[in-house]
Amino acid sequence: MTQDTPTDEDGGMNRRTMLAATGGTAVAAALAGCSTLLGDSGTQAQADDTDVPDEPIQAGLQTFTEGAAAVLGLQAQYGAELAVQRINDAGGIAGREMQLETVHEADAHIENYTQFVDEGKEVTFGPISSGGHAALAPEVESQGVVNVSTDGTVTTLYEETVDNPTYSFRFQNYDVMECVTAAREAVSRIGAENIDTIAGINPNYAFGQDEWKFFELAMNKLVDGGVESVYEGFPDLGATDMSTHITEINNVEPDVTFSSQWGGDVTTMMNQAAANDMFDNTQLVGTVLYSAVDELERDVVEAAEAVSGSRNWYWDFPNRSRWAPNGDTFSDAREEWDIVPTAHFMSGYGAVTAWATATAKLVDVIGGWPSQDQIARSLEGHGFYTPAGYHVMGTGHQGKSNAFSGRMEWSEDVGAAVLSDVNAYAPQEVSPPEGTTAEEWVNSW
């Protein structure tokens, strides 16, 4: 396990250091989380010297704003809104403010995107859904307006669905990264010698099936002699009764139960599991259990002692004394929306940041406002800072960042679950190299 994020031991970072680290633009520094360290110079000066339109930048975001999935969909919306707020507070991108319209993604991923394009949006963000993202990505390539997905993390997106993308990008770490993280965590915390059997309770669509597949593959490579899968269950999204799956887990008592349930489905599963003593019979390990942090009650968190991933951001790692922007963003989210921000908050924030920082750099380089093709080319291999540290948009259009995981425990100070004993995994430890499929990579271990 490694930690890539540059830190400053005294918790501070002066203006020169931050500007140098972020590439020298005020908007980049603001999005890294240090706008209060900047003066009035920077972005506006660029606007005076370049051919840039006067009107605001119109942007669209599709995410889940209602229903069980809104538990994380709203987090993505809030994160995107904070990024836009910081961009505008820093003077906009080359003087252009951003205006963000958010719509409920529902099952209308293509319709939402084409509506945004028809309205003249210069960039779009989202969706959350893996199935929706797989449907949307070919349309993005056809229409030619850059989309940076917040999530939609199915592994095959850029391996099979759109294997040579131009305009479609994804900020969040994808499924194989968090499944390998979960498998490494299970083996590290429980011990390979203590794991003979595994089971899974995962959402019944592309994301859940993808995550279970890669967790099984990784566990069979990490445990000598392999593991036996003794149960796999796939409840529908938004299911209100998961008792059948919990009863089966209690019957077979697997050493590890893996779950990629997210949002409101985590709350349902863990509440019913606690009520039926499932946590006495298995160790729960998940990729995004922490996405339900604002809904989980203390007794359930303490009964579960679950291990959860937190994708590419956890709000207290690195500790705020080492990377102050992390703590500042946590405080902003608590004060403005009264939430504990999760990795989905960062997926909204990061998707906006990726596009904005790449575009701001281009204005400097070309002396004018860039085209969609120029922005798309600039995003390939683009590196940028956020409150979560340093991110890179790979040449294959897949964002790759550190992956985090820890044990969920209750915090009186926060009034919600926190992650303790957090581990960070560098992208190289949990994702295949460019040009290699995830399945080929795991099978090569």
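The shown structure was predicted, so the numbers you read here are calculated from the model rather than taken from an experiment.
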Item to check | Passing option when P254 is tested against T197, I198, V227 for side-chain contact (heavy atoms from CB on, under 4.5 Å) | outcome: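 Exactly one candidate clears the test, T197.
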
Next on the checklist: In terms of relative ring orientation, are W441 and W445 parallel, tilted or perpendicular, with 30° and 60° separating the classes?
Outcome noted: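 The arrangement is perpendicular - the two ring planes meet at more than 60°.
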
Checklist entry - Any idea how F125 and W355 line up, ring-wise: parallel (<30°), tilted (30 to 60°), or perpendicular (>60°)? => result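 F125 vs W355 ring planes: perpendicular.
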
For [X], does the [atom1] atom sit with more than 12 other heavy atoms under 6.0 Å from it, leaving out its own atoms?
{"X": "E297", "atom1": "CD", "value": "no"}
{"X": "D107", "atom1": "CG", "value": "no"}
{"X": "E101", "atom1": "CD", "value": "yes"}

Just checking, any donor-acceptor pair under 3.5 angstrom between side chains of [X] and [Y]?
{"X": "E185", "Y": "S188", "value": "no"}
{"X": "Q115", "Y": "E119", "value": "yes"}
{"X": "S243", "Y": "D241", "value": "yes"}
{"X": "D210", "Y": "T155", "value": "yes"}
{"X": "N402", "Y": "W313", "value": "no"}
{"X": "Q58", "Y": "Q99", "value": "yes"}
{"X": "Y231", "Y": "N251", "value": "no"}
{"X": "E159", "Y": "T437", "value": "no"}

With a 4.0 Å cut-off, would you call [X] and [Y] a salt bridge?
{"X": "R96", "Y": "E122", "result": "yes"}
{"X": "D175", "Y": "K213", "result": "no"}
{"X": "R86", "Y": "D328", "result": "no"}

Once rounded to the nearest 0.5 Å, what's the spacing between atom [atom1] of [X] and atom [atom2] of [Y]?
{"X": "N281", "Y": "E253", "atom1": "CG", "atom2": "CD", "result": "4.5 Å"}
{"X": "H245", "Y": "F234", "atom1": "NE2", "atom2": "CZ", "result": "9.5 Å"}
{"X": "Y167", "Y": "I375", "atom1": "OH", "atom2": "CD1", "result": "11.0 Å"}
{"X": "L379", "Y": "F384", "atom1": "CG", "atom2": "CZ", "result": "8.0 Å"}
{"X": "T181", "Y": "N173", "atom1": "OG1", "atom2": "CG", "result": "7.5 Å"}
{"X": "D316", "Y": "F404", "atom1": "CG", "atom2": "CZ", "result": "11.0 Å"}

Side-chain donor or acceptor of [X] paired with backbone N/O of [Y] under 3.5 Å:
{"X": "Y113", "Y": "V145", "result": "yes"}
{"X": "T114", "Y": "E111", "result": "yes"}
{"X": "D51", "Y": "G367", "result": "no"}
{"X": "R334", "Y": "V414", "result": "yes"}
{"X": "Y349", "Y": "L31", "result": "yes"}
{"X": "K221", "Y": "N443", "result": "yes"}
{"X": "S291", "Y": "V288", "result": "yes"}
{"X": "T395", "Y": "E380", "result": "no"}
{"X": "T63", "Y": "G73", "result": "yes"}
{"X": "N147", "Y": "F169", "result": "no"}

Shortest non-hydrogen contact from [X] to [Y]?
{"X": "S168", "Y": "H133", "result": "OG-NE2, 4.2 Å"}
{"X": "Q172", "Y": "S347", "result": "NE2-CB, 3.5 Å"}
{"X": "F171", "Y": "A351", "result": "CG-N, 3.8 Å"}
{"X": "L157", "Y": "A137", "result": "CD1-CB, 4.0 Å"}
{"X": "R170", "Y": "G152", "result": "NH1-O, 2.6 Å"}
{"X": "T342", "Y": "Q75", "result": "N-OE1, 2.9 Å"}

Next on the checklist: side-chain contact (heavy atoms from CB on, under 4.5 Å) for F64 and S129? Distances and angles first, verdict last.
Outcome noted: CA-CA 9 Å; F64 290 112; S129 165; 4.1 Å; yes

Just so I know, are the side chains of [X] and [Y] near enough to count as touching, which here means a heavy-atom distance under 4.5 Å?
{"X": "I201", "Y": "P235", "answer": "yes"}
{"X": "V422", "Y": "S405", "answer": "no"}
{"X": "P203", "Y": "S260", "answer": "yes"}
{"X": "K361", "Y": "T357", "answer": "no"}
{"X": "V363", "Y": "P370", "answer": "yes"}
{"X": "Y78", "Y": "L82", "answer": "no"}
{"X": "T386", "Y": "H391", "answer": "yes"}
{"X": "I128", "Y": "L72", "answer": "yes"}

Checklist entry - After noting the C-alpha distance and the side-chain angles of L296 and M270, does the key distance pass the side-chain contact (heavy atoms from CB on, under 4.5 Å) rule? => result CA-CA 8 Å; L296 294 173; M270 290 185 64; 4.2 Å; yes

Checklist entry - What do the steps show when you test T65 against L74 for side-chain contact (heavy atoms from CB on, under 4.5 Å), and what is the final call? => result CA-CA 6 Å; T65 61; L74 289 175; 4.3 Å; yes

Item to check | Check against side-chain contact (heavy atoms from CB on, under 4.5 Å), I93 and I87 | outcome: CA-CA 7 Å; I93 300 173; I87 288 168; 3.9 Å; yes

Item to check | Near-ring test Y314/Y290, centroid separation under 6.0 angstrom | outcome: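 Yes, close enough.
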
Checklist entry - Stepwise, does the side-chain hydrogen bond (donor to acceptor under 3.5 Å, both in side chains) test hold for Q62 with H104? => result CA-CA 6 Å; Q62 57 174 318; H104 179 45; over 6 Å; no

Next on the checklist: Under the criterion side-chain hydrogen bond (donor to acceptor under 3.5 Å, both in side chains), I'd like the reasoning laid out for E139 against S142: C-alpha separation, chi angles, the key distance, then a yes or no.
Outcome noted: CA-CA 5 Å; E139 183 67 18; S142 175; 4.9 Å; no

Checklist entry - Could you go step by step and tell me if T267 and E295 meet the side-chain hydrogen bond (donor to acceptor under 3.5 Å, both in side chains) rule? => result CA-CA 7 Å; T267 309; E295 291 193 342; 2.8 Å; yes

Checklist entry - Considering residues at least two apart in sequence or located in another chain, which fulfil the salt bridge (Lys or Arg N to Asp or Glu O under 4.0 Å) criterion with E178? => result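 E178: salt bridge (Lys or Arg N to Asp or Glu O under 4.0 Å) contacts with R311.
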
